[in-house]
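Comments concern the structure below.
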Amino acid sequence: MVKKFLKKYFPESKTVEGKVKISSFHQHPDESLSEALDRFHGLLRKTPTHGFSKPIQLNILIDGL
């Protein structure tokens with residue numbers, strides 16, 4: 001049931017687009033740490049099918065700061 005829902009609302013094209021946005025995350029020059037963290041978490045929430053493990057998410061975040 002959940003798999004059908006995810007497939008319907010998060011098709012492969014949307015997942016790929018979200019993964020690209022997540023993996024290319026960078027903190028903006030005028031953005032505070034908390035703002036950057038909130039934006040990063042927002043990217044993760046927008047693509048729940050991203051498939052990045054917690055350690056990989058942390059590495060992406062740290063690299064982008």
Side-chain angles (χ1 to χ4, degrees):
M1 187 74 162
V2 172
K3 193 173 183 177
K4 270 188 169 182
F5 172 83
L6 291 174
K7 191 169 190 161
K8 180 177 180 179
Y9 293 101
F10 298 98
E12 184 73 23
S13 61
K14 192 170 184 179
T15 298
V16 169
E17 181 182 326
K19 287 177 81 169
V20 167
K21 288 181 181 180
I22 293 166
S23 62
S24 63
F25 172 81
H26 283 93
Q27 183 179 13
H28 297 146
D30 60 340
E31 189 175 41
S32 71
L33 178 59
S34 63
E35 290 170 335
L37 185 57
D38 287 345
R39 190 167 56 83
F40 184 71
H41 281 138
L43 292 173
L44 295 173
R45 281 191 303 273
K46 284 182 182 178
T47 310
T49 54
H50 57 73
F52 292 117
S53 66
K54 295 289 184 184
I56 297 298
Q57 292 175 34
L58 185 58
N59 283 341
I60 293 169
L61 176 65
I62 290 170
D63 289 345
L65 297 177

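- The hydrophobic cluster containing Ile62 also includes Leu58, under a criterion of side-chain heavy atoms closer than 4.5 Å among ILVMFWY residues, counted directly or through chains of members.
- A search for side chain to side chain donor-acceptor pair (under 3.5 Å) contacts involving Ser23 returns nothing, not counting sequence neighbours.
- Considering only residues two or more places apart in sequence or on other chains, Thr15 meets the side chain to side chain donor-acceptor pair (under 3.5 Å) condition with Thr49.
- Counting Ile, Leu, Val, Met, Phe, Trp and Tyr side chains that sit under 4.5 Å apart, directly or through other members, Leu37 shares a hydrophobic cluster with Ile22, Phe25, Leu33, Phe40, Leu43, Leu44, Phe52, Ile56, Ile60, Leu61, Leu65.
- For residues 28-46, the set of pairs meeting the side chain to side chain donor-acceptor pair (under 3.5 Å) definition, not counting sequence neighbours, comprises Glu31-Arg39, Ser32-Ser34, Ser32-Glu35.
- In this structure, Lys19 has no salt bridge (charged side-chain N to carboxylate O under 4.0 Å, His left out) partners at least two apart in sequence or on a different chain.
- Evaluation of the side chain to side chain donor-acceptor pair (under 3.5 Å) test over residues 52-65, restricted to residues two or more places apart or in two chains, returns none.
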